[in-house]
**Q** 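Encoded as structure tokens, here's the structure I'll be asking about.
Basis for what follows: all heavy atoms, side chains included, without hydrogens, waters or symmetry-related copies.
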Amino acid sequence: MTPQTRALLALRLAALAVMGLGGIILAQTPQIGQSAGFTVVGPRVFPIIVGIGCLGWGGLFFLRLTAMPDHALIADVAAEEQRTDWPTTLLLLGLLIAYAAALWPLGYVIATTLFFPLSSRVLGSTRLRRDTLAGFLIGLVVYLVFTRLLGVRLPAGMLSGLW
């Protein structure tokens, strides 16, 4: 398989992934609870817009790649694939999956405190103390802003008794 053929396949798979994401969003949207009072824009409106947008733009991108392939884009993707450090990319993907799995049991603050220095280390940082402190502060500030100011519940996990 030539690099251009592999790049075209990767672009088509990316378009299908965006469409799949849109389908998942639209399938999950009915599970969002409605508020008891009157609201002009309910909590389902924006996920529906995002889901339809992902389906539409992903479909248009797939059709564009199939009907009139952009050869300059395909060449750029093939060149980028040659320069990509796949072990780092796959390790970060694994860390993201572990982070998502750890969010509920550990809580947002602890999971972020662990994820930030680990991902920084994968990307080349050697300052563990600084990265851990930054991860803790980012996790704590984001958690407090979302839960206290915006009313968006993030998982507290092991720290649920403290907040």
Side-chain angles (χ1 to χ4, degrees), residues 1-32 41-128 130-132 134-139 141-143 145-146 150 152-155 157:
M1 182 179 294
T2 67
Q4 283 75 21
T5 305
R6 192 170 43 241
L8 183 59
L9 177 64
L11 287 168
R12 286 180 178 159
L13 287 175
L16 290 174
V18 170
M19 290 172 56
L21 179 65
I24 290 170
I25 291 170
L26 289 176
Q28 296 295 316
T29 299
Q31 295 178 7
I32 298 174
V41 178
R44 295 180 183 166
V45 171
F46 289 110
I48 289 172
I49 291 170
V50 170
I52 291 171
C54 286
L55 278 175
W57 288 112
L60 287 172
F61 187 51
F62 187 83
L63 287 174
R64 172 73 167 94
L65 289 168
T66 304
M68 300 178 301
D70 185 352
H71 297 292
L73 175 63
I74 295 168
D76 286 345
V77 169
E80 284 296 322
E81 184 183 8
Q82 299 299 321
R83 290 188 295 250
T84 300
D85 182 21
W86 287 109
T88 301
T89 303
L90 294 175
L91 193 53
L92 281 173
L93 178 63
L95 279 172
L96 278 171
I97 292 169
Y99 176 65
L103 273 174
W104 286 106
L106 296 180
Y108 183 81
V109 175
I110 294 175
T112 302
T113 301
L114 294 172
F115 172 74
F116 196 84
L118 289 173
S119 60
S120 297
R121 180 64 57 111
V122 168
L123 294 172
S125 176
T126 57
R127 311 231 358 232
L128 182 62
R130 179 200 63 186
D131 297 338
T132 304
F136 173 72
L137 290 175
I138 290 169
V141 168
V142 168
Y143 179 82
V145 167
F146 272 74
L150 300 176
V152 176
R153 289 184 33 207
L154 292 177

**Q** Between OG of Ser119 and CG of Leu96, what distance do you get to the nearest 0.5 Å?
**A**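 Atom-to-atom, Ser119:OG and Leu96:CG are 8.0 Å apart.
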**Q** Working to the nearest 0.5 Å, report the span between CG of Leu9 and OG1 of Thr5.
**A** 9.0 Å
**Q** Out of curiosity, Phe116 CZ to Ile138 CD1, how far, rounded to the nearest 0.5 Å?
**A** 4.0 Å
**Q** Which pair of heavy atoms, one from Pro155 and one from Trp104, lies closest together, and at what distance?
**A**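 That would be CB-CE3, 3.3 Å.
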**Q** Would you please name every residue forming a ring pair (Phe, Tyr, Trp, His ring centres under 6.0 Å) with Phe62, sequence neighbours left out?
**A**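 Phe62: no ring pair (Phe, Tyr, Trp, His ring centres under 6.0 Å) contacts found.
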**Q** How many angstroms lie between CE in Met19 and CD1 in Ile24, if you round to the nearest 0.5 Å?
**A**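 One finds 12.5 Å between CE of Met19 and CD1 of Ile24.
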**Q** Out of curiosity, Leu16 CG to Phe61 CZ, how far, rounded to the nearest 0.5 Å?
**A** 10.5 Å
**Q** Counting neighbours of CZ on Arg130 that are heavy atoms of other residues, nucleotides or ligands and sit closer than 6.0 Å, is the number greater than 12?
**A**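 Atom CZ in Arg130 is packed in, count exceeds 12.
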**Q** Evaluate the criterion side-chain contact (heavy atoms from CB on, under 4.5 Å) for residue pair Phe115 and Leu95; output intermediate values, then yes/no.
**A** CA-CA 7 Å; Phe115 172 74; Leu95 279 172; 3.9 Å; yes
**Q** Quick one: CG on Leu8 to NE2 on His71, what's the gap to the nearest 0.5 Å?
**A**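 Answer rounded to 0.5 Å: 9.0 Å.
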**Q** List the steps, then state whether side-chain contact (heavy atoms from CB on, under 4.5 Å) holds for Ile49 with Val45.
**A** CA-CA 6 Å; Ile49 291 170; Val45 171; 3.8 Å; yes
**Q** What's the shortest heavy-atom distance between Ala7 and Ala78, and which atoms?
**A** CB-N, 3.8 Å
**Q** Considering residues at least two apart in sequence or located in another chain, which fulfil the ring pair (Phe, Tyr, Trp, His ring centres under 6.0 Å) criterion with Phe136?
**A**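 Checked Phe136 against ring pair (Phe, Tyr, Trp, His ring centres under 6.0 Å); zero matches.
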**Q** Taking it one step at a time, do Val145 and Val152 satisfy side-chain contact (heavy atoms from CB on, under 4.5 Å)?
**A** CA-CA 9 Å; Val145 167; Val152 176; over 6 Å; no
**Q** Whether the side chain of Ser125 engages the backbone of Arg121 through a donor-acceptor N/O pair (distance < 3.5 Å, no angle test) should be reported.
**A** no
**Q** Minimum heavy-atom separation for Ala101 to Pro105, with atom names?
**A** O-CD, 3.4 Å
**Q** Determine the minimum heavy-atom distance between Asp131 and Ser120, stating which atoms define it.
**A**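 Minimum heavy-atom contact is OD2-CB, 3.4 Å.
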**Q** Search all heavy atoms of Thr112 against all heavy atoms of Gly135 and return the closest pair with its distance.
**A** CG2-O, 3.7 Å
**Q** Would you say the side chain of Thr113 lies within less than 4.5 Å of the side chain of Leu137, judging by non-hydrogen atoms?
**A**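 When only atoms from C-beta onward are counted, Thr113 and Leu137 do not touch, as no gap falls below 4.5 Å.
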**Q** What pair of heavy atoms forms the shortest contact from Leu103 to Ala111, and how long is it?
**A**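 Scanning both residues completely, I find the closest heavy atoms to be CD2-CB, 4.0 Å.
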**Q** Only pairs at least two apart or in different chains count here, so list each salt bridge (charged side-chain N to carboxylate O under 4.0 Å, His left out) that has a residue in residues 53-79.
**A**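 Every candidate salt bridge (charged side-chain N to carboxylate O under 4.0 Å, His left out) pair involving residues 53-79 fails, so no pair, neighbours aside, qualifies.
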